[in-house]
Participant: 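One structure follows; several queries about it will come next.
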Amino acid sequence: MSKALSRRALITGGLTAGAAGLTAAARIAERYGLIPPDWGGVWGPGETLTYACQRFLVSPGSMAREFPSSKISSVTPVSGRPPKEGVYPKLLSGRFADWRLNIEGLVATPMSFSLAELQRLPATSQITEQTCEEGWSFVAEWTGVRLSEILKLAGASPRAKYVVAFPLDDAWDSIDMQDAWHPQTLVAYAMNGNDLTPDHGAPVRLKVPRQLGYKSVKFLSRIRVTDTVKNIGKGLGSVQPEGGYSWYAGI
Ligand SMILES: Nc1nc2c(c(=O)[nH]1)N[C@H]1C(S)=C(S)[C@@H](COP(=O)(O)O)O[C@H]1N2
Ligand SMILES: [Mo]
């Protein structure tokens with residue numbers, strides 16, 4: 001066998017093994033319910049592998065790193081400005097007195113919280129890093145109520161597979177129940193000790209420190225507990241996969 005040929009055989013062999021590996025991984029992932037909503041298409045097998053491996057290898061309770069207050073960043077970049085049209089400017093000028101966070105879907109009791117009502121629930125703070133897919137990050141202190149607290153109050157069904165966050169713009173997203181129940185996943189209303197500014201998601205945003213920044217949906221308005229995301233948007237679990245990013249953005 002010539003050198004070239006053996007190398008080609010090796011490469012093809014490697015590719016075939018790689019593809020077979022992905023298929024096998026996808027099969028295992030499916031058996032354990034570890035298929036992400038954006039499993040289809042060219043990148044689908046890779047997305048499935050990433051998500052399934054993360055869920056296999058990283059323990060459910062693993063925590064995003066927390067920092068001392070000395071590490072809080074002085075510069076806090078913004079990605080996604082508040083909507084200039086629609087209800088947002090009106091809610092903002094009324095200082096969010098008319099804003100509500102609605103909890104719906106697979107819950108025993110659908111609920112609706114005003115900002116003051118959310119602020120009366122048990123509060124928690126975390127100093128974590130927010131990392132944007134565009135390549136920047138900053139450390140900030142976030143205060144809010146654990147999403148798990150709200151899921152408990154509303155009585156989230158054990159059939160639930162996802163929590164979908166609908167904002168007042170179009171950047172909706174969803175997380176699986178492991179992240180939804182995770183103690184660091186917050187419905188946050190303050191950053192570095194102050195009310196959220198509109199740029200950072202006022203009045204309330206999701207904080208999912210174990211994933212990239214886009215999962216931390218700002219300008220939150222509605223939370224849906226569901227067993228499928230197929231019927232939302234293009235069925236990929238988030239607007240992000242429509243633009244080529246992963247639904248699962250664990251870091
Ligand atoms: N509703 C909504 N949430 C959003 C966005 C957005 O455009 N709209 N941008 C996301 C992205 S890409 C990132 S990195 C973070 C940025 O949060 P920050 O502006 O507070 O830094 O918010 C995320 N949440
Ligand atoms: Mo981002």
Side-chain angles (χ1 to χ4, degrees), residues 38 47 50 64-67 71-92 96 99-104 113 115 118 125-144 147 150 162-176 179-180 182 184-224 229 232-234 236-251:
D38 56 344
E47 295 302 341
T50 309
R65 184 170 169 206
E66 299 206 14
F67 297 81
K71 296 284 186 214
I72 290 176
S73 310
S74 47
V75 179
T76 58
V78 170
S79 178
R81 300 280 166 185
K84 290 202 170 64
E85 272 148 36
V87 292
Y88 193 86
K90 283 184 213 115
L91 290 171
L92 175 61
F96 299 108
W99 173 90
R100 290 285 179 286
L101 179 64
N102 295 315
I103 321 298
E104 58 178 42
F113 296 94
L115 184 53
L118 276 179
S125 291
Q126 57 171 250
I127 301 176
T128 49
E129 185 168 36
Q130 172 167 285
T131 306
C132 174
E133 75 292 351
E134 290 164 359
W136 48 263
S137 68
F138 66 89
V139 173
E141 182 187 49
W142 304 94
T143 303
L147 177 60
I150 293 175
Y162 306 97
V163 169
V164 189
F166 292 104
L168 294 162
D169 64 4
D170 55 7
W172 68 278
D173 216 309
S174 67
I175 53 178
D176 68 7
D179 270 325
H182 190 275
Q184 287 175 315
T185 300
L186 304 190
V187 171
Y189 43 74
M191 175 179 147
N192 295 336
N194 300 308
D195 289 350
L196 286 185
T197 58
D199 273 348
H200 287 298
V204 161
R205 75 181 301 168
L206 211 58
K207 206 60 220 153
V208 187
R210 298 201 306 169
Q211 295 203 42
L212 286 177
Y214 57 78
K215 305 299 283 189
S216 291
V217 175
K218 305 197 278 190
F219 332 118
L220 207 52
S221 111
R222 204 152 48 91
I223 286 176
R224 187 188 297 172
V229 288
I232 308 172
K234 294 194 175 160
L236 302 174
S238 162
V239 277
Q240 305 299 340
E242 295 173 21
Y245 292 112
S246 304
W247 168 77
Y248 181 73
I251 39 181

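As the structure lists them, so they are numbered: ligands from 1, and atoms in each ligand from 1. Only heavy atoms go into these numbers, but all of them, side chains included; no hydrogens, no water, no symmetry mates.
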Participant: Do ligand 1 and Gln130 have nitrogen or oxygen atoms that lie under 3.5 Å from each other?
Facilitator: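 N/O-N/O distance under 3.5 Å: yes.
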Participant: Using a strict cut-off of 4.0 Å, indicate which atoms of ligand 1 neighbour a heavy atom of His200.
Facilitator: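 With His200 as reference, the close atoms of ligand 1 come out as 18 (P), 19 (O), 20 (O), 21 (O).
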Participant: Please confirm whether Pro77 approaches ligand 1 to less than 4.0 Å, judged on its heavy atoms.
Facilitator: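 True for this residue.
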Participant: Just by distance, with hydrogens left out, do Ser137 and Glu129 show a side-chain donor and acceptor under 3.5 Å apart?
Facilitator: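 Short answer, yes.
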Participant: Answer with yes or no whether Met191 contacts ligand 1, where contact means a heavy atom under 4.0 Å from a ligand atom.
Facilitator: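 Met191: no contact with ligand 1 (<4.0 Å).
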Participant: What's the shortest heavy-atom distance between Glu133 and Leu212, and which atoms?
Facilitator: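 What the structure gives for the nearest pair is CB-CD1, 4.0 Å.
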Participant: Identify, for atom 1 (N) of ligand 1, the protein heavy atom at the shortest distance, and state residue, atom and that distance.
Facilitator: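 Of every protein heavy atom, Asp169 OD1, 2.8 Å lies nearest to atom 1 (N) of ligand 1.
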Participant: Give a yes or no on whether the ring-centroid distance for Phe96 and Phe219 is below 6.0 angstrom.
Facilitator: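 So the answer is no for these two rings.
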Participant: As an exercise, state the distance from CD of Gln240 to OH of Tyr248, rounded to the nearest 0.5 Å.
Facilitator: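 Answer rounded to 0.5 Å: 15.5 Å.
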Participant: Need the ligand 1 atom indices (1-based, order shown) with element for anything under 4.0 Å from a heavy-atom of Asp199.
Facilitator: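 Counting atoms of ligand 1 from 1, those under 4.0 Å from Asp199 are 19 (O).
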Participant: Just to check, does Trp172 reach to within less than 4.0 Å of ligand 1 when the distance is taken from its heavy atoms?
Facilitator: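 Heavy atoms of Trp172 never come under 4.0 Å of ligand 1.
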Participant: Could you identify the single nearest non-hydrogen protein atom to atom 7 (O) of ligand 1 and state the distance to 0.1 Å?
Facilitator: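 Its nearest protein heavy-atom neighbour is Gly80 CA, 3.3 Å.
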Participant: Between the main-chain N or O of Tyr162 and the side-chain N or O of Ser174, is there a donor-acceptor pair closer than 3.5 Å?
Facilitator: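 No, Ser174 side chain to Tyr162 backbone: no donor-acceptor pair under 3.5 Å.
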Participant: Pull out every atom of ligand 1 sitting under 4.0 Å from any heavy atom of Cys132, numbered as shown with elements.
Facilitator: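 Close to Cys132: 14 (S).
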Participant: Using a distance-only test with no angle check, is there a side-chain donor-acceptor pair under 3.5 angstrom linking Lys207 and Gln126?
Facilitator: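 Judged by distance alone, the side chains do not pair up.
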Participant: For atom 23 (C) of ligand 1, what's the nearest protein heavy atom and its distance?
Facilitator: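 Minimum-distance protein heavy atom for atom 23 (C) of ligand 1 reads Gly213 O, 3.3 Å.
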Participant: Taking only heavy atoms of Pro167 into account, list the atoms of ligand 1 that are under 4.0 Å away from them.
Facilitator: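 Close to Pro167: 1 (N).
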Participant: Are Val139 and Thr128 side-chain neighbours, meaning at least one heavy-atom pair lies under 4.5 Å?
Facilitator: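 Of all side-chain heavy-atom pairs linking Thr128 with Val139, none is under 4.5 Å.
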Participant: Quick one: does Trp136 get a heavy atom under 4.0 Å from ligand 1?
Facilitator: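 Yes, Trp136 has heavy atoms under 4.0 Å from ligand 1.
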Participant: Within the distance-only criterion (no hydrogens, no angle test), does the side chain of Lys234 pair as donor or acceptor with the backbone N or O of Val239 below 3.5 angstrom?
Facilitator: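 No, Lys234 side chain to Val239 backbone: no donor-acceptor pair under 3.5 Å.
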Participant: With nothing but distance in play, are any N or O atoms of Ser216 less than 3.5 Å from an N or O of ligand 1?
Facilitator: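 Between Ser216 and ligand 1 (N or O atoms, distance only) the closest approach is under 3.5 Å.
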Participant: Hey, could you give me the CZ/CG distance between Arg100 and Leu118, rounded to the nearest 0.5 Å?
Facilitator: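 That separation rounds to 10.0 Å.
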Participant: Considering only the protein, which heavy-atom contact is closest to atom 22 (O) of ligand 1, and what is its distance?
Facilitator: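 Protein heavy atom with the smallest distance to atom 22 (O) of ligand 1: Arg205 NH2, 3.2 Å.
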Participant: Assess Lys215 for proximity to ligand 1: is some non-hydrogen atom of it under 4.0 Å away?
Facilitator: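 Lys215 does not count as a contact of ligand 1 under the 4.0 Å cut-off.
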Participant: Is there a polar contact between ligand 1 and Tyr214, counting only N or O atoms under 3.5 Å apart?
Facilitator: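 No.
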Participant: May I ask you to identify the nearest protein heavy atom to atom 9 (N) of ligand 1, giving residue, atom name and distance to one decimal place in Å?
Facilitator: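 Looking at atom 9 (N) of ligand 1, the protein heavy atom closest to it is Ser79 O, 3.1 Å.
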Participant: In the protein, which heavy atom is nearest to atom 19 (O) of ligand 1, and how far is it?
Facilitator: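 The answer is Lys218 NZ, 2.6 Å.
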Participant: Within a distance under 4.0 Å of any heavy atom of Val78, pick out the atoms of ligand 1 and give their elements.
Facilitator: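 Atoms satisfying the 4.0 Å criterion: 19 (O), 21 (O).
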Participant: Within the structure provided, determine whether Ser73 and Phe67 are in side-chain contact (heavy-atom separation under 4.5 Å).
Facilitator: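 With C-beta onward as the side chain, the pair stays apart.
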Participant: Between Leu147 and Ile223, does a side chain to side chain contact (heavy atoms under 4.5 Å, CB included) hold up when you go through it step by step?
Facilitator: CA-CA 10 Å; Leu147 177 60; Ile223 286 176; 3.9 Å; yes
Participant: To the nearest 0.5 Å, how far apart are CD in Glu47 and CG in Asp38?
Facilitator: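 Separation between the atoms: 4.5 Å.
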Participant: With no hydrogens and no angle check, just 3.5 Å: does a side-chain donor-acceptor pair link Ser125 and Trp142?
Facilitator: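 Checked: Ser125/Trp142 side chains show no N/O donor-acceptor pair below 3.5 Å.
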Participant: Can you list the ligand 1 atoms lying under 4.0 Å from a non-hydrogen atom of Glu133?
Facilitator: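 Listed by number with element: 12 (S).
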Participant: Within ligand 1, which atoms have a heavy atom of Phe138 less than 4.0 Å away?
Facilitator: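 Once the distances to Phe138 are compared, the set is 21 (O).
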